[in-house]
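Let me begin by presenting the structure, written as structure tokens, before commenting on it.
These numbers come from a predicted model, not from an experiment. Just follow the structure's listing: the first ligand is 1, and inside any ligand the first atom is 1.
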Amino acid sequence: MTDSTIRPIVIFDTTLRDGEQSPGASMNLTEKMEVAQALVELGVDVIEAGFPIASPGDFEAVREIAKSVRGSVVCGLARCRDADIDRAWEAVRCAEQARIHVFLATSAIHREHKLRMDKDEIIRRAVAGVRRAVGYCSDVEFSPEDAVRTETDFLCQVVEAAIDAGATTVNIPDTVGYATPTQMHQVIHMLRQRVPNIDRAVISVHCHNDLGMAVANALAAVQCGAGQVECTINGIGERAGNSSLEEIVMALRTRKDFYRADTRIVSQRLVPTSRLVASVTGIDVQRNKAIVGRNAFAHEAGIHQDGILKEPTTYEIMRPADVGLTKIDLVLGKHSGRAALADRARTLGYRLDAEQLQTVFEQFKILADKKKEVYDGDIASLIEQQIVAVSELWVLDSYSVKTGTQTTPEVQLSLRRGDEVLSTQMTCGDGPIDAIFLAIEDITGIKVQCNDFRVHSVTVGKDAQGEVTVQLKHEGRLFRGRGISTDSVEASAKAFLNAINRIAAVTDDSE
Ligand code: KIV
Ligand code: ZN
């Protein structure tokens, strides 16, 4: 039975918009669609799918998501400008449920230095923007950007005018992550007291994490009556990021007794969604991150382990299974069949269609031949590679490197491009990996700067697979790549090539 004293909180996910603004986190269309589908399964109420005027790619992604999503509102962001709002509507109009989100900065700093507009002009533009959006769509959100640093009288005036113009949600952004929880509480309280038409709109909050207080600030706003929280998976977003969805959701659920509020999020989907977002954005989750970090449910101290064995609630305030963490690390091997793999994938929270399952199964068999025991981490990696696969113009055919101390590596490398095999032989580089990267650049003709290179083992043991991630810079843009193999040099080659294929997909340099 539902408890009528528990307030439902709208979860507005902006992983695909603010989250994508994290440096290096840009996603391609397939990846965005995959994340959008995962957000639907997670049960988010609103998906902010992008900023349609920003680029043709953003527009297309929002439109495709709007066409395919069922069960969540799809929202497009726009400045208070006619062209932005028209474009946002064009992108979301085919959604089952559409929202336009218009924003305009209101703080003195932004008015004077960025917009060069006075207060009257701001109100005039905010009202015009909201009215134009309402002309298209009944679900309109307005954000006074940098609200927390806006003079309180003026903030009340703008919010009242936006609601009068038809905004159904007013979002209070702490754009620069400057607020404290007590202050956030006061701002929401003040708006509820002083804006006469406030009951006609849902109050929302959007908190950035520059001082590490985004989640605390959002929760303080909920405590004071906010009905919507804007957040992102793993807390990604501009600079230090946004409030993390999983932390907001589990804080409300675990401390329902205190907040008297809850969301409709399917919490068992939190860990799989977090893994997916980490994998498509290349932004790893820190080990000690609340809810979804690797250590979030790991108990090290003997006294704690003893307590957990006797009674889990001694040291666990949430059950791992409730956030989608499976504790059984079932080991599969080369004799395991497709049904066992499919079952494991389901338990780990992945949905695979028949074609994806077949590809993952084939890769699993190759891996099981190389490695005696295949763990959950191996399976998750194989699946994630499949889910975020880019169309591969170039495929690694073969390589060999001869190297040693005090010698320049000799590399021989072949890539396949369609039916063609192109090879190169070079003596170059600082080591085997550098030599391979140079050979790939030589064949593909795509020159890059390598900004980041990381390698870690997917599971345990000397035969564990190595996962390599790289971040390459090409013509001012960042591209990531990922490769996995039991041979870490091969994993490096695959990761580099994966990033090169992403570059090739958006440029014609390799022609
Ligand atoms: O941080 C911010 O102010 C924003 C707005 C567009 C809501 O992202
Ligand atoms: Zn933001």
Side-chain angles (χ1 to χ4, degrees), residues 10-23 25-26 46-55 58 62 73 75-81 84-85 87-88 91-92 99-111 113-115 122 125-126 129-130 133 139-150 154-155 158-159 162 167-179 183-184 187-188 191 201-215 217-218 221 226-245 248 281 283:
V10 173
I11 291 292
F12 177 110
D13 179 277
T14 182
T15 305
L16 293 170
R17 201 277 300 166
D18 210 313
E20 209 212 4
Q21 288 172 223
S22 312
S26 59
V46 186
I47 297 173
E48 187 164 55
F51 188 9
I53 194 100
S55 71
D58 255 59
V62 179
V73 174
C75 174
L77 181 69
R79 287 167 296 187
C80 283
R81 295 182 183 184
D84 279 42
I85 297 164
R87 193 84 172 136
V92 296
R99 173 179 296 188
I100 302 177
H101 176 190
V102 289
F103 75 100
L104 181 64
T106 50
S107 66
I109 300 175
H110 282 236
R111 288 194 315 264
H113 302 290
K114 184 179 90 175
L115 300 172
I122 296 283
R125 293 210 187 203
V130 171
D139 187 349
V140 172
E141 172 168 331
F142 173 73
S143 288
E145 192 192 1
D146 204 16
V148 164
R149 293 194 298 171
T150 301
F154 185 54
L155 182 62
V158 179
V159 166
T168 45
T169 300
V170 280
N171 179 44
I172 306 304
D174 178 20
T175 304
V176 291
Y178 185 72
Q183 182 190 6
M184 206 66 199
V187 172
I188 304 301
L191 291 170
V202 173
I203 303 177
S204 167
V205 280
H206 174 112
C207 300
H208 278 273
N209 204 31
D210 299 68
L211 292 173
M213 292 192 276
V215 169
N217 288 340
Q228 173 179 289
V229 175
E230 302 201 352
C231 43
T232 58
I233 301 294
N234 299 338
I236 62 171
E238 279 278 357
R239 308 178 308 278
N242 289 66
S243 317
S244 111
L245 181 147
I248 298 283
T281 59
I283 300 178

Does Asn209 have any side chain to side chain contact (heavy atoms under 4.5 Å, CB included) partners at least two apart in sequence or in another chain, and if so, which? Ala214, Ala240
Under the side chain to side chain contact (heavy atoms under 4.5 Å, CB included) test, residues paired with Asp139 that sit two or more places apart: Val73, Arg99, Cys137, Thr168
What does the contact table look like for ligand 1 (nitrogen or oxygen on each side, cut-off under 3.5 Å)?
residue: ligand 1; atom: 1 (O); partner: His206; partner atom: NE2; Å: 3.2
residue: ligand 1; atom: 1 (O); partner: His208; partner atom: NE2; Å: 3.0
residue: ligand 1; atom: 3 (O); partner: Thr175; partner atom: OG1; Å: 2.7
residue: ligand 1; atom: 8 (O); partner: Arg17; partner atom: NH1; Å: 3.4
residue: ligand 1; atom: 8 (O); partner: Arg17; partner atom: NH2; Å: 2.9
residue: ligand 1; atom: 8 (O); partner: Asp18; partner atom: OD2; Å: 3.1
residue: ligand 1; atom: 8 (O); partner: His206; partner atom: NE2; Å: 3.1

Here the gap from Asp13 atom CG to Thr15 atom OG1, rounded to the nearest 0.5 Å, amounts to 3.5 Å
Cys207 and Met184: CA distance, side-chain angles, deciding distance, side-chain contact (heavy atoms from CB on, under 4.5 Å) verdict: CA-CA 9 Å; Cys207 300; Met184 206 66 199; 4.0 Å; yes
Quick one: do Arg17 and Glu230 make a salt bridge, cutoff under 4.0 Å? no
If you count every protein N, O or S atom closer than 2.8 Å to the Zn ion (ligand 2), you should arrive at 3
Identify which one of Thr175, Asp18, Asp174 satisfies the side chain to side chain donor-acceptor pair (under 3.5 Å) criterion when paired with His206. Asp18
Does CZ in Arg149 sit with more than 12 non-hydrogen atoms of other residues, nucleotides or ligands closer than 6.0 Å? yes
Crowded around Phe154 CZ? As in, over 12 foreign heavy atoms under 6.0 Å? yes
Side-chain H-bond candidate by donor/acceptor type, Asn171 with Ser204, under 3.5 Å: yes
